[in-house]
2 protein chains.
Amino acid sequence: MINKLYHEDWQETVKRINPHSVDLIIADPPYGMEFRSNHRYERYDPIHNDNNLDWLGEWVWECQRIMKNNTHLYCFCSFHNIDIFKKELSEWLVVKNILIWEKNNTSMGDLEGDYAPKYEMIIFCVKGKRKLNGRRDSNIIYSQRTQNKLHPTQKPTKLIRYLVGKSTEEGDIVYDPFMGSGTTAIACIREKRNWIGSEINIQYVNTANDRINVELNQLTLF
Amino acid sequence: MINKLYHEDWQETVKRINPHSVDLIIADPPYGMEFRSNHRYERYDPIHNDNNLDWLGEWVWECQRIMKNNTHLYCFCSFHNIDIFKKELSEWLVVKNILIWEKNNTSMGDLEGDYAPKYEMIIFCVKGKRKLNGRRDSNIIYSQRTQNKLHPTQKPTKLIRYLVGKSTEEGDIVYDPFMGSGTTAIACIREKRNWIGSEINIQYVNTANDRINVELNQLTLF
DNA sequence: ACTACGGTTGAATCCTGAA
DNA sequence: GTTCAGGATTCAACCGTAG
């Protein structure tokens, strides 16, 4: 199954992944933001949302199932849903920290009544215990946004390489359930880790495979 | 009631504050963490921290009761309990953002298996709608820690002045339900705002009043 | 005025050993 | 077995002092 991107929902892929077989999970899930109101007076009926977060509980369970003992999981998250994600992840994993990915510039949003968003959260979880590689870094990680993105929420390759490097060894297996344009695969190739990915959108599957092939071809030149 | 620090629980103080009478609330509540004061040197009074957040729901309700329409609330928080605080605040206020107070250096904690804590969260809430003063700042706020602290979790005066300046006008009333060593009062005096505070620890009440008196005496020199 | 250097700090967590 | 008190621990950033 290794070093392949599967054009299917994560639910299909994890069915074929054995328990205790993955060394790291990096996930950039759909945040489900637009359809959720924090307010007590719900304007939207959650049941009728295409983009609800009902899958979260099952997803966390499957993640901890396929993770080896003493491994990490990173889950990107917006502050809008940090409470829900943290709660669900805590059911089956230990939430050790919430990392702050500080970007080089701010995003859009409420221009007059709000502070400008400049970061994403990354929930850092552990199954069992595991040391981080290298020196003791802080929980604020500065990383420039990706230029010329192929996916709206594409993460910087450097950032993913950093996380992979902190939490795995060469040859380990990294699973990304929402692979998008394939950044996790690229990061793993450069860090000499194995990877598995799921992605339901065929356009992004194609984009990711193109990027991966370019990356592999560059490797064989040496 | 104005420009006074009350030696009592916030529950006692808010009983005497009229509805719709406060322009801003700044709160640095006990986080309710499993906090054992086992620091290198026992330097401060232990914080009243019984790992019990049952008061949160009532507290939020009272806060929104005394807040004028179209005003803000800031609540300091650790990532450990961000889910609980965000959920409770969302019951009666709109959580607009989670600000990150980035400190100049990291804290202690798990030295090998975790990233080093370098920030506190500040939950930014609004009752109704209100514009922020000044330019559009980002939701990551860098501010140096206070030197020679009088309280173990004392916040930088500059940081509180900044928040007061963003969310109130001169002469407005700011309430701090957990005033500690009085930083909010100092910030309000310097920004020409009125203030009300509650603090249950008599030592910190005395410390705060000393600071406040020094501050007021300095003002009368001019 | 500038640099070098020593001293101090941190909303914490793990581990050990005693009760 | 189980709880709990207390000691040890990193290292970047800051301050004050000396040169």
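These figures come from a predicted structure and were not determined experimentally.
- Distance from the side chain of B/Asn104 is smallest to D/dA13 among C/dC14, C/dA11, D/dA13.
- A search for side chain to side chain donor-acceptor pair (under 3.5 Å) contacts involving A/Thr183 returns A/Arg211, not counting sequence neighbours.
- Using a 3.5 Å distance cut-off with no hydrogens or angles, the side chains of B/Asp137 and B/Tyr162 do pair a donor with an acceptor.
- Of the side-chain N and O atoms in B/Ser107, one or more sit less than 4.0 angstrom from OP1 or OP2 of C/dA11.
- With sequence neighbours excluded, the residues that form a side-chain contact (heavy atoms from CB on, under 4.5 Å) with B/Asp28 are B/Tyr31, B/Phe76, B/Thr153, B/Lys155.
- Counting only Watson-Crick or G-U wobble pairs whose defining distances are both under 3.5 Å, the stems of 3 or more consecutive pairs in DNA chain C are C:2-10 with D:11-19, C:12-19 with D:2-9.
- When distances run from any side-chain atom of B/Lys149 to the nucleotides C/dG10, D/dT9, C/dT13, the shortest one goes to C/dG10.
- The residue among A/Lys129 and B/Pro117 whose nearest nucleotide of DNA chain C lies closer to the 5′ end is B/Pro117.
- In this structure, B/Phe178 has its ring center under 6.0 Å from that of B/Trp55.
- With sequence neighbours excluded, no residue forms a salt bridge (Lys or Arg N to Asp or Glu O under 4.0 Å) with A/Glu170.
- When the P atom of C/dC15 is taken as reference, atom CG of B/Asp110 falls 8 Å away, rounded to whole Å.
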> So B/Arg190 and B/Glu215, salt bridge (Lys or Arg N to Asp or Glu O under 4.0 Å) or not? Walk me through it.
Replying inline: CA-CA 8 Å; B/Arg190 294 191 186 165; B/Glu215 188 71 23; 2.8 Å; yes
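- A/Lys96 comes within 4.0 angstrom of sugar-phosphate atoms only, judged by non-hydrogen atoms across all strands, and of no base.
- If you take NZ of A/Lys131 and C1' of C/dT13, they are 14 Å apart, rounded to a whole angstrom.
- Rounded to an integer number of Å, the gap from CE of B/Met108 to P of C/dT8 is 15 Å.
- B/Thr13 pairs by the side chain to side chain donor-acceptor pair (under 3.5 Å) definition with B/Glu8, B/Ser198, not counting sequence neighbours.
- One can place CD of B/Gln144 at 17 Å from P of D/dA12, the figure rounded to the nearest angstrom.
- Base engagement by B/Glu120 is indicated by at least one non-hydrogen atom pair under 4.0 Å involving a base atom.
- Between A/Asn97 atom CG and C/dC14 atom P the separation is 12 Å, expressed in whole Å.
- For B/Asn105, taking side-chain heavy atoms from C-beta onward, the closest of the listed nucleotides D/dA13, D/dT10, C/dA11 is D/dA13.
- Of the candidate nucleotides D/dC14, C/dA11, D/dA12, C/dA11 has the atom lying nearest to any side-chain atom of B/Thr153.
- At a threshold of 4.0 angstrom between heavy atoms, the contacts of B/Phe178 with the nucleic acid are absent.
- Residue contacts for B/Asp28: at a heavy-atom cut-off of 4.0 Å it reaches a base atom on one of the strands shown.
- Summarising the geometry, the separation between OH on B/Tyr119 and C1' on C/dG10 is reported as 16 Å, rounded to the nearest angstrom.
- If you measure from atom NE2 of B/His80 to atom C1' of C/dA11, you get 9 Å, rounded to the nearest angstrom.
- Distance check on atom C1': C/dA11 versus D/dC15 gives 23 Å, rounded to whole Å.
- Here A/Ser107 pairs with A/Arg145 under the side chain to side chain donor-acceptor pair (under 3.5 Å) rule; sequence neighbours left out.
- Atom pair A/Leu132:CG and D/dT10:P shows a separation of 16 Å (rounding to whole Å applied).
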